[in-house]
Amino acid sequence: MKSGILDKQYEPHDVEKRWYRFWEENRLFEAGEESAGGDYSIVIPPPNVTGVLHMGHALNNTLQDILCRYRRLRGDNVLWMPGTDHAGIATQNVVEKQLAGEGLDRHQLGREKFIEAVWKWRKEYGSAIIHQLKSLGASCDWKRERFTMDEGLSTAVRKVFVQLYNENLIYRSNYIINWCHRCHTALADLEVEHEIHDGYLYHIRYPFADGSESVVVATTRPETMLGDTAVAVHPEDDRYCDIGSKTLILPLVNREIPIIKDKYVDKLFGTGALKVTPAHDTNDFEIGVRHQLPSIKVIGDDGKMTSEAGRYVGLDRFACREAVIEALKKEGVLEKIEPHKHSIGHCYRCKTLIEPNLSKQWFVKTKPLAEKAISAVKEGDTRIVPDMWTKTYFEWMDNIKDWCISRQIWWGHQIPAWTCQKCEEMIVAMDRPKTCSSCGGDDLVQETDVLDTWFSSALWPFSTMGWPEETPLLKVFYPTSVLVTGFDILFFWVARMMMMGLHFMKEVPFKDVYVHALVRDENGKKMSKSTGNVIDPITVIEKYGTDAFRFTLAAFAAQGRDVKMSEKRVDGYRHFVNKLWNAARFSLMHIDEDVEQPDLDRLSLSDKWILSSLSRTANTVAKALDAYRFNDAAETLYQFVWHEFCDWYLEMIKPTLYGNRGSDIKKSTVNVLWYVLRETLIMLHPFIPFITEEIWHQMPGTEGSVMKAAFPVDGSGDVSIFSDDGAESEMEVITEIISGIRNIRGEMGLSPTLSFDVTVQTNDEAKAKVLQQHQDIILNLAKLNAFSVKRQVKRPKGAATAVIGSATIFASLEGIIDFAKEAARFEKEIGKLTHELVVLSNKLNNEDFLKKAPAHVVERVKEKHTILVEKDQKLRTNLSRIKEAQA
RNA sequence: AGGCACGUAGCUCAGGGGGAGAGCGCUACCCUGACACGGUAGAAGUCACGAGUUCAAAUCUCGUCGUGCCUACCA
């Protein structure tokens, strides 16, 4: 397999499949159950079992994979726990749709048969997203894959439910909740999405019972008036201060309702009189509780009017609105209708209009749980990165409301509560009790509701590790090292995991939470099916390769900013992947089997320089990854590979590799080349795992998988021994001169094939020595005939010049040089310089600056000033000479 | 209504008190024996605006404008 010449272009597809299989077959993703010094764990945010991979998943899992692969390279025992969640409502919807295709609905099937059908669906289609994660390269410990409806996780759910119930942290109550008529279930507040809609404000006149006068109320939902049980006014509203204990007659219904006083009412809104419908409005419900008002439910759970709605019974809620408006008009009590913008809740699953509805539901009392979750973050037990999300977290936690956890669907964890049919005693237990604990009866009926999917997700960090059993996994890997997630589920999931983790494990579920951004389209718009701007990650992978895609995601994953994704960008990073491929291709043409670690004593300047740069890169990348700065890490590597390794190092060593410098030098250079390439592959591996593994296996002197290598900042692989500031600054002297010469070439419009002589004048002995010693590099990369360095130079006839710091380049171009162009170049440069000099002089003439600025800053400004003055003089001298020559 | 971000080159964005940066795009030249998915060079910015703090502000503070997002019970 080794030492074959690589193809000219990297072709990712076969490579990716091959190596993924290799990793799995060699069990390289598996975590050890025994602590191995460094233990590192991440639980995957479980995607919906019905899900297909979207950009959000791709970013989320790429970042996790980068961290996991990186930590493995750093020598850690890594557990990346994968799995999916059962997505109650979503999955039920999918299967119901499937049944509908067969002309069935779930009620015809019955609960048991329906659940069977869901499991069957799960078996057939439920692992689609897992396969997609694999094609993304995700290195999860797949043998441990979990599902929130698994037996173990279900046991955890029941255990948690029972304990919370016994601790009075779960209760059942008749309460106003968000009702989705399409999904036919209650939703938690969080599951309601608010949108501003254009609606109308209807002003309706309610007459006093004694016929004396009337009060006008305003509403956006006139049909709810059928359920009104009071009208409220502000206690300090002058308009209504003396209406005493009068009552009103509710139009259409002719029910007598009281006028109550409550501070909730806004005097400035509408007429200052608020109709109160406790059964169909959250605030009205609370007012109702304060004033002991009856609640009359006029809209049923099916979206149709109840018998309480009198003559409107059976009418659809929307049709009823129209009918009520007509009737009010007819009775002459509809004062006016005005346009009104207001926000309306929609179901986050199906976008149906949500109706606040009075209903008996199960709730988690969140306040006591939230307190612990707040202090854990305050104490720093869990750190949220970037920090700005900490505030959002507190904001929500401080104002947390009880969590409605019951859902009126079938797919999910059925609530472990049984009611005795005989004495109505309710028993909450892990398993079905044989007999009623109160009366001994054996006719027990289980609660039909299931739990919110997030209830089981909240347990994910420990339920996946085997809780409530005391497993080795929990011992080694809980708390997890970091949770990587999007901010959109900060409350849904992160906050709830914090509460449950602290309550049941007595420890935070994760030490860090890294909150990444959302992936948007190239215009910054949220990707959505309806807008049609969705980019499918799988399509991108097929077109550009997984590595290019992953690198793009990492490079754009700057903290606190959304990722704007477009294929064009992926294409750009595909070029980078291909560049690496070709650098390897070139390198492997020259690397033979008996390579070894570079010998520090035999290195050329180029070698020392690239090794030092490698060392710097390794440190920067490690630091960036440790701080979740993925884009910094990616860009550092990009810069190193392309602009240091390829642009300079490979070009510098070509003459050596082609044998022009002797075989000894070649041998040590090849060792360096091999070593740098190898270490670079290791550093790149977390980002672009496939191509790095492929090249790794083509390289001599590597063993097994690159996954098992050591990141070049640790132990025996530590490259910091090669750190060499001297070599780096010497190289800078050389590259500056080369760029200066190339600049002359470019500016003068000279052919790249034209060779000429260059003399450099400088008074800086050290610099002169460096240039002299390494003139072979300059001759080669600047394409010169001859190169020399002198203290004094008699300006060659017809020379083009450039000033680089304290050195002046003279390029002999007699007969070729265009003096007008040359003069223009100098004038432009002098212009720039003059401006810079003014700025510097101003500083140095400012006594406050000299007095108050730190010494090193003053020193640097002085130095720079000196250099620029010198340069300025040289440029001016040269310019005047050019003008003389022209004249 | 409140909160949180953001506004830097044509585009996408890093940076975050003392030298305005990258990638893409653009211009010129070049198929030089890894790569045209390439090379070399170049042009391009009032760091949104206005004040303040400071010896020094793109960077810190306040305000203004603009843009996103989140939370919320104005019927």
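So that the names make sense, note that chain A is the first sequence line, chain B the second, and so on, each numbered from 1.
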* To do: Enter the distance from A:Glu223:CD to A:Ile325:CD1 here, rounded to the nearest 0.5 Å.
  => 8.0 Å
Among [options], which nucleotide has an atom closest to any side-chain atom of [X]?
| X | options | answer |
| --- | --- | --- |
| A:Arg742 | B:A75, B:A41, B:A43 | B:A41 |
| A:Arg574 | B:C37, B:G38, B:C55 | B:C37 |
| A:Ala853 | B:G18, B:G23, B:C37 | B:G18 |
| A:Leu190 | B:A14, B:A75, B:U71 | B:U71 |
| A:Phe491 | B:C73, B:A14, B:U71 | B:U71 |

* To do: Return yes if a side-chain donor-acceptor contact under 3.5 Å exists between A:His13 and A:Glu11, otherwise no.
  =>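 Per modelled atom types, A:His13 and A:Glu11 side chains form a pair under 3.5 Å.
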* Asked: How would nucleotides 1-12 of chain B be written as a contact map, 5' to 3', with B for base contact, S for sugar-phosphate-only contact and - for no contact, using protein heavy atoms under 4.0 Å?
  -> --SSSSS----S
* Give the B/S/- string for nucleotides 29-35 of chain B, one per nucleotide from 5' to 3', where a protein heavy atom under 4.0 Å of the base yields B, of only the sugar-phosphate yields S, and otherwise -. => SS--BBB
Pick the [atom1] atom in [N] and in [M], then give their distance to the nearest Å.
| N | M | atom1 | value |
| --- | --- | --- | --- |
| B:A34 | B:G39 | P | 13 Å |
| B:U40 | B:C11 | C1' | 24 Å |
| B:G17 | B:A56 | C1' | 7 Å |
| B:G66 | B:G23 | P | 35 Å |
| B:A72 | B:G63 | C1' | 26 Å |
| B:A48 | B:A14 | P | 14 Å |
| B:A44 | B:C37 | C1' | 25 Å |
| B:G52 | B:C24 | P | 42 Å |

* Structure fact -> Judged by nearest nucleotide, the residue sitting upstream toward the 5' end of RNA chain B, A:Arg221 or A:Tyr638, is A:Tyr638
* **Atom-to-atom span, CG of A:Asn780 to P of B:U40 - whole angstrom** =>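 So the two atoms are 13 Å apart, to the nearest Å.
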* Asked: Whole-Å distance between B:G23 P and A:Asp571 CG?
  -> 16 Å
List, one per line, each side-chain donor-acceptor pair under 3.5 Å for residues 834-844 of chain A, sequence neighbours excluded.
unit_1	atom_1	unit_2	atom_2	d
A:Thr834	OG1	A:Ile830	O	2.6
A:Ser841	OG	A:Leu837	O	2.7
A:Ser841	OG	A:His865	NE2	3.3
A:Asn842	ND2	A:Val838	O	3.4

* Asked: Partners of A:Asp488 by side chain to side chain donor-acceptor pair (under 3.5 Å), sequence neighbours excluded?
  ->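 Scan of A:Asp488 (side chain to side chain donor-acceptor pair (under 3.5 Å), adjacent residues dropped) gives none.
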Side-chain N or O of [X] closer than 4.0 Å to phosphate OP1/OP2 of [N]:
| X | N | answer |
| --- | --- | --- |
| A:His575 | B:G38 | yes |
| A:Asn743 | B:G42 | yes |
| A:Lys828 | B:A43 | yes |
| A:His340 | B:A75 | yes |
| A:Trp642 | B:G39 | yes |

* **Base-pair map of RNA chain B as dot-bracket, where | denotes pairing with a different strand and pairs are Watson-Crick or G-U under 3.5 Å** => (((((((..((((....[..)))).(((((.......))))).....(((((..]....))))))))))))....
* Asked: In residues 854-866 of chain A, which residues come under 4.0 Å of RNA chain B by heavy atom?
  -> A:Pro854, A:Val857, A:Lys864
* Asked: Looking at residues 840-849 of chain A, who's got a heavy atom less than 4.0 Å off RNA chain B?
  ->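 A:Lys843, A:Asn846, A:Asp848, A:Phe849 - these, ordered by number, are the residues of the stretch whose heavy atoms sit under 4.0 Å from the strand.
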* Please, which pairs that meet side-chain hydrogen bond (donor to acceptor under 3.5 Å, both in side chains) have at least one residue in residues 272-291 of chain A, sequence neighbours excluded? ->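 Found A:Thr224-A:Lys275, A:Asp228-A:Lys275, A:Asp228-A:Thr277, A:Asp262-A:Arg290, A:Asp262-A:His291, A:Tyr264-A:Asn283, A:Lys275-A:Thr277.
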* For the rings on A:Phe492 and A:Tyr348, is their centre-to-centre separation under 6.0 Å? ->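 Yes, close enough.
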* To do: Remember a base hit wins even if backbone is also touched, and classify A:His280 as base, sugar-phosphate or nothing at under 4.0 Å, heavy atoms.
  =>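 Answer is nothing: A:His280 stays at 4.0 Å or more from every strand.
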* Can you name the closest pair of heavy atoms from A:Gly740 and A:Ile804 and give their distance? -> CA-CD1, 4.0 Å
* To do: Take atom OH of A:Tyr200 as the centre, draw a 6.0 Å sphere, and report whether it contains more than 12 heavy atoms from other residues, nucleotides or ligands.
  => no
* **Within residues 565-576 of chain A or reaching into it, pairs that qualify as salt bridge (charged side-chain N to carboxylate O under 4.0 Å, His left out) - sequence neighbours excluded** =>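 The answer is A:Lys543-A:Glu567, A:Asp571-A:Arg574.
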* Asked: Which residues satisfy the side chain to side chain contact (heavy atoms under 4.5 Å, CB included) test with A:Phe756, sequence neighbours excluded?
  -> A:Ile741, A:Arg745, A:Leu750, A:Leu754, A:Val758, A:Leu784, A:Ala811, A:Leu813
* To do: Not counting sequence neighbours, which residues clear ring pair (Phe, Tyr, Trp, His ring centres under 6.0 Å) with A:Tyr393? List them please.
  =>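 Ring pair (Phe, Tyr, Trp, His ring centres under 6.0 Å) list for A:Tyr393, sorted by chain: empty.
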* What class does the angle between the rings of A:Tyr573 and A:Phe556 fall in, given that below 30° is parallel, 30 to 60° is tilted and above 60° is perpendicular? -> perpendicular
Distance-only donor-acceptor pairs under 3.5 Å for side chains of residues 630-640 of chain A, two or more places apart:
unit_1	atom_1	unit_2	atom_2	d
A:Asp632	OD2	A:Arg629	NE	2.8
A:Thr636	OG1	A:Asp632	O	2.7

* So, A:Arg860 and A:Glu863, do they make that salt bridge, N to O below 4.0 Å? -> no
